[in-house]
Amino acid sequence: MAPEQSSTSLGRVLDAAEAASPVDAVEAVTKELGRAVGATEVSFLIVDQSGRALVRLSHIPLQHADDAADATPRLTGERRDAGERAMVVPLDGGPAEQAVRTQTVQVSASETEPGSGSPQWTVLAPMTERGEVIGLLELCVPQAPDTDALAEIARLAHLLAFVAIANRRHTDVYEWGQRSRPSSLSAEIQQRLLPGPRTCEAGAFTLAAWLEPAAKIAGDTFDYSLARDVLHLSMTDAMGHGVGAALTATLCVGGLRGARRQGASLLEQASATNAALAGHSADNALDDFVTGLIGRLDLRSGELELVNAGHVAPFLLRAGVVTTLALPADPPFGLFGDTRFRSTTTALEPGDRVVLVTDGMLERNAAGIDLSVAIAETADLHPREAVRRLADSVLDATGHALEDDATVMLVSWHGGHHRRRSTFAGADSHRASDPLG
């Protein structure tokens, strides 16, 4: 696509996004992107909340793009609600999963109709923002795309990711599409406590986290926030299960965020949150408490300061060797109102990985897993894939019957604050020699 054509297409895409309602914006832009590259069909697929499937939220045959969606027959496994349609597409190791896992554009050839002899090509391009996988842009094109065309499609998919992020703030449609299984009230509360993106790539670090909920939500949370020169992070585990644990977790996360946003130091954040939880328990004759790790990573020096409130010690992967960080364990948040917390500082080296987990990753049913070995075996994976692999290992060991939430956060320290990221279409490409596959 020539530069002037690309500029014109970009203008049409932005106009389409702005003219459509938040509910229709992604479909409108998807349609415009398909037209820009001469596609015959185009689809938008969003990552399922489980992380183990995609959900096709729109499929547009461009020669019939203005046909009403409700006029199409219901497909097997398709969900419909008030005119919305969603079809789960399992990640089965095929091109769609390869596009998600490797963050590369995938191309496959097939006949338009069996026996017709007329080939078409399906292009799957990751929609990614700072390493966070939003979904895939799927295009059917009549001619095999060359390298320049694939690069343009990858950039257009990156643009579509921003459209999805901007518009999902105004509607539940995307959230509805991602939920292929029922959600309890406690799960709803828990999900609202988590940060929107579960992955963040920057020049000096990559962070990724994963929460695998138990059947009865057990109050796990994680959080992070990036300041100019500091990465704030936390992992907490509220006592108990269900709505009670979710509400205790809400008070804890709210206390930590509120203190952080007021510029409190790490120890001040811990003290303020502990006082809030202890006061609430005393006022309501409760016995609630929360274990947790809260930290601040200085992006200029690589020094990681951590406070351990009765939580599982974090792991450090350095030069292929996994150890646990020796942190003094203070009482959990909310147990005693007068607790004086301590912090410990560890100097990270480029290449280090710090892994935080909740005790659900170490539950009795998963005793057959050597977590240190599992962490070492994921050393070559992107942090986004490493945390998924670690959670999968616990699920497999427990027969997918978790008795406690299993949560993991991984921070990979690259060093060199303010260095430029090497990226392609929203994903850190420092591990990929050819971003187009």
Side-chain angles (χ1 to χ4, degrees), residues 51 101-103 131 198-212 220 222-224 226 230-235 237 292-299 301-308 311-329 343-363 366-397 406-417 419 421-422 427-428 430-432:
R101 303 297 179 216
T102 66
Q103 287 296 286
R198 311 297 160 84
T199 302
C200 179
E201 291 178 344
F205 72 90
T206 302
L207 178 149
W210 188 283
L211 190 157
E212 195 64 47
D220 280 15
F222 62 83
D223 196 21
Y224 73 88
L226 181 60
V230 175
L231 172 66
H232 302 271
L233 54 91
S234 71
M235 176 168 288
D237 183 359
L293 288 166
I294 60 173
R296 289 167 56 111
L297 175 58
D298 188 318
L299 301 179
S301 66
E303 292 188 341
L304 175 62
E305 181 186 9
L306 288 167
V307 171
N308 184 356
H311 200 78
V312 180
F315 296 86
L316 173 66
L317 172 62
R318 174 175 289 171
V321 178
V322 179
T323 58
T324 54
L325 290 178
L327 304 180
S343 68
T344 302
T345 299
T346 300
L348 299 184
E349 300 174 2
D352 283 356
R353 288 188 167 190
V354 179
V355 181
L356 284 62
V357 301
T358 58
D359 57 8
M361 293 290 294
L362 304 165
E363 68 169 45
I369 298 176
D370 186 327
L371 199 53
S372 294
V373 172
I375 290 170
E377 289 176 344
T378 63
D380 291 334
L381 296 178
H382 186 283
R384 177 188 57 247
E385 298 302 314
V387 295
R388 181 189 63 84
R389 180 77 60 84
L390 291 171
D392 282 351
S393 67
V394 173
L395 274 179
D396 292 342
T407 307
V408 56
M409 174 186 284
L410 189 157
V411 179
S412 182
W413 175 245
H414 312 314
H417 188 34
R419 74 179 179 87
R421 285 174 68 220
S422 173
D428 192 330
H430 74 282
R431 293 180 181 272

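Position 1 is the first residue of the sequence, and the numbers go up from there. Predicted model, so just to flag it, every value in this text is computed and none were measured.
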Looking at residues at least two apart in the chain, or sitting in another chain, which of them share a side-chain contact (heavy atoms from CB on, under 4.5 Å) with [X]?
X: E349; answer: R318, D352
X: V322; answer: F315, L317, S372, I375, A376
X: T378; answer: L381, A386, R389, L390

Could you tell me which non-hydrogen atom of [X] sits nearest to which non-hydrogen atom of [Y], and how far apart they are?
X: P314; Y: L293; result: CD-CD1, 3.9 Å
X: A391; Y: M361; result: N-CE, 4.3 Å
X: A204; Y: W413; result: O-CE3, 3.3 Å
X: V357; Y: M235; result: C-SD, 3.4 Å

Exercise. Please say which of L297, T206, L304 ends up in a side chain to side chain contact (heavy atoms under 4.5 Å, CB included) with V411.
Key: L297
Student check: side-chain heavy atoms of [X] and [Y] closer than 4.5 Å:
X: H382; Y: T199; result: yes
X: P328; Y: T344; result: yes
X: L211; Y: F222; result: yes

Quiz item: Side chains of H414 and E201: is there a donor and an acceptor less than 3.5 Å apart?
Solution: no
Quiz item: Any luck finding a side-chain donor-acceptor pair between S343 and E305 under 3.5 Å?
Solution: yes
Name all residues meeting the side chain to side chain donor-acceptor pair (under 3.5 Å) criterion together with [X]; count only those two or more places apart in sequence or in a different chain, and write none if there are none.
X: W210; result: E212
X: N308; result: none
X: S234; result: none

Donor-acceptor check, side chain of [X] to backbone of [Y], threshold 3.5 angstrom: yes or no?
X: H232; Y: I294; answer: no
X: R384; Y: G131; answer: yes
X: T358; Y: T407; answer: yes

Rounded distance [0.5 Å steps], [atom1] in [X] versus [atom2] in [Y]:
X: L306; Y: L327; atom1: CG; atom2: CG; value: 5.5 Å
X: F205; Y: L231; atom1: CZ; atom2: CG; value: 4.5 Å
X: D223; Y: L233; atom1: CG; atom2: CG; value: 9.0 Å

Practice problem: Report the residues that fulfil salt bridge (charged side-chain N to carboxylate O under 4.0 Å, His left out) with R388, sequence neighbours left out, ordered by chain and then residue number. | Solution: E385, D392
Exercise. Given side-chain contact (heavy atoms from CB on, under 4.5 Å), test T345 with D298 step by step and report yes or no.
Key: CA-CA 10 Å; T345 299; D298 188 318; over 6 Å; no
